[in-house]
Amino acid sequence: MSGPNPMRMREMVVVREISRLLIPFILLFALYVQFHGDFGPGGGFQAGVIFAAGLVLYGLVYGLDALQRAVPPRLIEVLAAGGVLIYGGVGVASMVMGGQFLEYKIFDPHHGEHYGLLLIEAGVGITVTAAMTAIFYAFAGRDRARDEEAR
Amino acid sequence: MNAHLPAIQVVLPLLAAPVCVLLQNRKVVGVWATLVAWASFAIAITMLVHTMEHGTISYALGGWESPLGIELRVDVANAFLATIVTGIASMVLPYGPGSATLAIPEDKQYLFYTAFLLCMTGLLGMSVTGDAFNVFVFVEITSLSSYTLIALGKGRRALTAAFSYLVMGTIGGTFILLAIGLCYQMTGTLNMADMALRLQPVMGTRTVLVAFGFFVVGASIKLAVFPLHQWMPNAYTHAPSVVSAFLSATATKVSYFVLVRVVFTIFGAAYVFGTVHFEWLLMPLSIAAMFVGSIAAMYQTHIKRLLAYSSMAQIGYMTLGLSMNSVEGLTGGLVHLFNHGLMKGGLFLVVANITFRLNSSKIEDMAGLARKMPWTSLAFAIGGLSLIGVPGTAGFISKWYLVQGALVKGQVWLALLILMSSLLAVGYVWKVIEVMLLKPPTDRVENTKPAPLSMIWPVWVMIGSTVVFGLWTTWTGTVAEVAAETLMGLR
Amino acid sequence: MTATLMMAAFFIPIGVVPLMWAARKVPDLRDGLMVVAGLLTFACVVGMVPAVAAGARPEVVFFHVFDGVPLAFKLEPLGLVYALVASGLWVPTSLYAFGYMRGHGETNQTRFFICFALAIFAALGIAMSANLFTLFTFYEVLTFSTYPLVTHAGNEDAKRAGRIYLGILVTTSVTMLLLAVMWTFVIAGTLDFTVGGILAGKVDGPVIPILLGLFAFGAGKAALMPFHRWLPNAMVAPTPVSALLHAVAVVKAGVFTILKVVIYIFGLDLLYTTGGSDILKWVAAGTILISSIVALRLDNFKARLAYSTISQLAYIVLGAMLVTPDAVVGASMHIAMHAMGKITLFFVAGACLVSVHKSKVSELNGLGRKMPVMFGAFTVAAFSIIGLPPGGGSWSKWFMALGSTTQPSDYPFVFVYMLSSLLAIGYLMPIVARAFFLPEKVDHGHDAHHDAHHDEGHHAEVEPSIEDPSLVPILPIGESIRETHLLMLGPIVLTAAGCVALFLLAPQLEAFLRPIVGGAP
Amino acid sequence: MNAVAGLWVYAVVIVLMMIGLYTVISRDNLVKKIMGLNIFQVSVIMFYVALGKVDGGTAPIFKATHGEHLDTEVVFSNPLPHVLMLTAIVVGIATTALGLALVVRIQEAYGTVEEDELVRIDQEGGA
């Protein structure tokens, strides 16, 4: 017995309505943390977790199916992979342009660090979001996955 | 281009792993991963040649020079290790998971390759990095992916084996992390070379001693030094054979290298052997491992378990070489690291062939197998001879250096112990060979047929190379000697 | 040119292996290939004799395995003699083996003959090795390639014998021989066989006897007591194996190693002046006498021959340990003499087993009159082993005895040699006497057959005996004379003739071997 | 006195570490083992955090001073150990997730997550 029971959740109107209100702000806050990572506390790790928390909350309240309709498991896999590729891609790009691996200065002498960092953090954020969501999927959807295996 | 090789070495498998997820198709992913492994192998060899000729390559990640930035530092020893890891990977990957040995459905098998490439990334990262914290990160990348790989084995015991490895491994990893913290506290740097320099004035403090202790215990758990080996036999037994082949041939080897780095690069031989007398701890433990492992191997009824205990004994040889604190000893340890990787990897692949056909890894089920699977059995015999250390096989070369190391120090008793423990290998190897060669075939064997060619050639490449490197030692003996001298600061 | 011949002799036995594997479905072709390979190898080895006699020492270096330790081959008279023995007896043994194996309907013949060829390859490698490392390598190859031969029967007895065989040979070679080799390397910095030795001036005191002891006992194939147990046990193997490997290649590899070490590693002078071999002389002398006495008491034909072998091997070890030029030359000659004699005896033992199902000495009564040619050959060979003319063994024994008269402390060993000859008469001549002079036992046929089988169990001697029409007598000279199969009789006569030939050629052999102890070529 | 008082953080670290290790060793329940592992890891993270903290130090972020010289009087905490712990936390999460996933699978395969029962089942079940 794992995962939320959608039937009981459906009756909890307060939770449902508050979540509906809060989730956009959680996601927005995640983006704030994400893009201010190079000026203040924050960055891809934290933002990713917050973003995933928003998704998980959605899943808990509205059910796994609803969440997976919005964010299919395969998309999560692709995002997890894509984030790493963005990160590595920046490094490789800097190498191709003649610098060391992850040497952002190469892109632009003045703002290179900034751009480079933004991209890197974007990659990290995407991967962390995807990874946290994937963990949620794995645990919450375990019963279903086992039924499929059994079949 | 050569200057970028250290970074590419790590980044290539790192980026190839997510690509596996994107590609998804099992066969395409298999080919892709193999190509990546081969490319990495080519890179490693290039680096090895380069370092042999021109010396150390230092690479400042992100253009931040050491000691501020993260430095990738490749000398002969590192390149040697990277060559081993990638070489084994390029033999194991074409072999594939061998559809019957995995517990996950075929449409999910791309995740196997992903985990495999990540594991390789971690191992290569540990091999090339010059930064202490990086070591921890890569240790954990390796560990996490190897827990996954082990848990993929058929049968539920793979799960418990992976779990106990996870517990032990995490404790080991955290110990390493703690040790790094203590060293950072004393020195304010994470660059290993810089750390070694700055540790010198504070060598006498208790903090450094504690840091050394945590380092050694942490690395020893990963390396499965007796008596911290308990996780290993189960893990290797229940993991898919291919994974056992890869991990036994590389993971413990890289951990050994971490230990060697800690001893010689960070703390220095003068401190480790002169002040702490680490050899008083390590040498008895190594000898105990050599004997306990071999004797335990003799009593096993499952061939994979037998090989796992044999690994424990063989790790004893490596740590013994380290504890000798001499160029000969360390050369022996490093050569054995290479040779044992080849032969144990080869032997586990042989076992993979056998279990693929027989669907059993019990020794008694292999009666008369020599008649039905002659090439596979012959490969096992040669690999076994190499474990014993028969001249003409790679195992002999390692034994030669180790015994020489003991004799040069005038420790004839130690030489004798090494030779006697290698005799025990005859016991457990012959136990299997006798069953394969002399017992009348069982029904199960009668109904089997030889393994497909695609599964035989990687085995023979590995086993064949144990013979090649048993006679032609320019690449192993000489390189290991240079590596040992580099590590000991004589070069 | 000589070097080319040397490499040819080295590579032919291993080169024929894949061919034999390819021809595994066609037994005649496979066996024919082996005979051709044997003849070619022997021709190559013989072809080298004139050059080596003239003082040439051809050398081939393959590559360096460790610094200063190459895998290399170099020919000198002693090695050439061993090579001649190994390759020369390969052909007769192959012929004998075809008769024996097919007659017995043995399984896995391809594996058997391939391992056979590998063993010869290893023996030639030992014979021509230029340093201790190369020698040790092939020594171990020989051990492992003969294991499948010893355990060929595949039953429990064979398995047990195989364990003892491997156990003793590997244990001694790894813990003692390898240790000695490495110790030598650490002391001398080289392992090359050098005239005059490489250890002179580098060791003294108790290290010399300890090191020599490690070599002598470490070469477990020499079956020096107390490491002799494998030899009688290995007699469970098919007779051709016993014959070639346990009278020729394997055991001679052991004594050859000891001779090589004494001559080219320690050097005779070092041992002579320091007395480093004194203890081992007595060990060897003890082995000679004890094993001869054991042989006297044994009824099993092959087991008696096995203990005789142990005794004869100890002759050679004793000769080497005496470290006088005469004794060493005598010991070297004895490698050839004993090989030729003992192989004949084993052939006869195997033929008795296959043709008339007799495996015990006490059952041989009157057989000589039925099979005069075979037992005539046996008598000649027995003379050689005992050391009587016209057997070649008389010469080698003469030189070894002569070598023990150099210093007074060695005089006892003259008596050891003489006494052991008497004992040899004691264990070999009764066989001849029974065969020719005692009346045949009355109740033959099926009962005797059964008995033989029953008793074999006790002596780890189980050979399937199939009544094969091709094996029944083929020389119907008279009603009572029924010799064994020609494929077996031929080699027996050939090797017996070889004993006589060696007797006649002994002076040439001695002159050929003299240079190894510093004499003029 | 000051020295001892200043070291209280390390005492906390050691106590936490021991609690964690003891839990891992003594508990049979696999979930509790993972909890122990977490506590153990957290102790090391605390150690690092304490390492970087400088008395009276602020967050190591430079104020924008428009080209003037930086104020050298401001005391910063050492950011490096804290940043490192970001990685260590991620590693911890990954380990926990993987460990729990294994526990779920073990529960499914064996019907229990008590180690002593697992051992018993394995011994009885043979392979």
Side-chain angles (χ1 to χ4, degrees), chain B residues 328 331 335 367-368 370-371 374 378 381-382 384-385 388-393 396-397 399-427 429-431 433-435 437-440 469-474 476-478 481, chain C residues 21 24 62-67 69-71 107-108 110-111 122 125 132-141 143-144 147-148 150-156 158-160 162-163 165-167 169-187 207 210-211 214 218:
Chain B
E328 288 87 2
T331 307
V335 169
R371 260 171 253 178
L378 186 62
I382 295 176
L385 290 180
I388 297 169
V390 173
T393 59
F396 180 73
I397 307 294
K399 210 160 70 178
W400 177 279
Y401 279 108
L402 285 176
V403 173
Q404 200 188 338
L407 285 175
V408 165
K409 286 196 158 187
Q411 294 163 322
V412 180
W413 58 271
L414 185 58
L416 197 62
L417 280 178
I418 297 172
L419 294 172
M420 278 165 60
S421 77
S422 75
L423 271 183
L424 293 173
V426 182
V429 168
W430 226 259
K431 175 179 159 167
I433 290 183
E434 213 178 69
V435 170
L437 187 71
L438 297 178
K439 270 207 171 174
F469 289 115
L471 294 170
W472 181 62
T473 54
T474 320
T476 51
T478 317
E481 210 168 323
Chain C
W21 168 258
R24 63 188 182 279
F62 276 16
F63 45 79
H64 283 256
V65 177
F66 304 103
D67 268 350
V69 185
L71 193 71
T107 52
N108 289 326
T110 304
R111 185 179 85 195
L132 263 177
F133 168 74
T134 314
L135 189 146
F136 182 77
T137 303
F138 286 99
Y139 184 94
E140 294 290 32
V141 173
T143 308
F144 286 102
Y147 172 80
V150 172
T151 57
H152 189 77
N155 51 28
E156 282 303 317
K159 224 184 273 180
R160 195 179 58 86
R163 277 183 202 158
Y165 180 79
L166 210 61
L169 289 188
V170 174
T171 305
T172 51
S173 69
V174 168
T175 54
M176 292 188 278
L177 186 55
L178 180 57
L179 184 63
V181 170
M182 299 224 44
W183 201 349
T184 309
F185 180 63
V186 170
I187 293 171
V207 174
I210 291 176
L211 199 53
L214 286 175

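Because only heavy atoms are used, hydrogens play no part in the values below, and waters and symmetry mates are left out as well, while side chains stay in. Below, read A as the first sequence line, B as the second, and so on, with proteins coming before strands; counting in each chain starts at 1.
Residues B:Ala415 and C:Leu179 approach most closely at CB-CD1, 3.6 Å, considering heavy atoms. Nearest heavy-atom pair across B:Leu407 and C:Val186 is CB-CG2, 3.7 Å. Taking every heavy atom of both residues into account, C:Thr175 and B:Leu416 meet most closely at O-CD1, 3.6 Å.
Contacts of B:Leu385 with chain C are made by side-chain atoms alone, with heavy-atom separations under 4.5 Å and no backbone atom involved. Within the 4.5 angstrom heavy-atom criterion, only side-chain atoms of B:Val390, from C-beta onward, approach chain C. In this structure, the portions of C:Phe136 lying under 4.5 Å from any heavy atom of chain B include both its backbone and its side chain. The part of C:Tyr147 that comes within reach of chain B is its side chain, from C-beta onward, which places non-hydrogen atoms under 4.5 angstrom from that chain. Neither the backbone nor the side chain of C:Phe138 comes within contact range of chain B, judged by heavy atoms closer than 4.5 Å.
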Stepwise side-chain contact (heavy atoms from CB on, under 4.5 Å) check, B:Leu419 with C:Leu178 = CA-CA 8 Å; B:Leu419 294 172; C:Leu178 180 57; 3.5 Å; yes
Do B:Lys399 and C:Val174 pass the side-chain contact (heavy atoms from CB on, under 4.5 Å) test, and can you show the C-alpha distance, the side-chain angles, and the key distance before you say yes or no?
-> CA-CA 11 Å; B:Lys399 210 160 70 178; C:Val174 168; 4.2 Å; yes
Report the C-alpha distance between C:Phe62 and B:Trp472 in whole Å, list the side-chain angles of each, state the deciding distance to 0.1 Å, and finish with yes or no for side-chain contact (heavy atoms from CB on, under 4.5 Å).
-> CA-CA 10 Å; C:Phe62 276 16; B:Trp472 181 62; over 6 Å; no
Applying side-chain contact (heavy atoms from CB on, under 4.5 Å), run through B:Glu434 and C:Leu166 and close with a yes or a no.
-> CA-CA 12 Å; B:Glu434 213 178 69; C:Leu166 210 61; over 6 Å; no
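Among C:Ile187, C:Thr151, C:Val69, the residue making the largest number of heavy-atom pairs under 4.5 Å with chain B is C:Thr151. By number of non-hydrogen pairs under 4.5 angstrom with chain C, the leading residue of B:Val426, B:Leu471, B:Val403 is B:Leu471. Interface summary for chain C: among B:Ile418, B:Ile388, B:Leu437, the most heavy-atom pairs under 4.5 angstrom belong to B:Leu437.
B:Trp400 and C:Phe133 have perpendicular rings, their planes meeting at more than 60° on a 0 to 90° scale where under 30° would count as parallel.
Going from atom CE of B:Met420 over to atom OG1 of C:Thr171 covers 10.0 Å, rounded to the nearest 0.5 Å. The structure places CD1 of B:Ile433 at 8.0 Å from CZ of C:Phe144, a figure rounded to the nearest 0.5 Å. Rounding to the nearest 0.5 Å places CH2 of B:Trp430 at 14.0 Å from NZ of C:Lys159.
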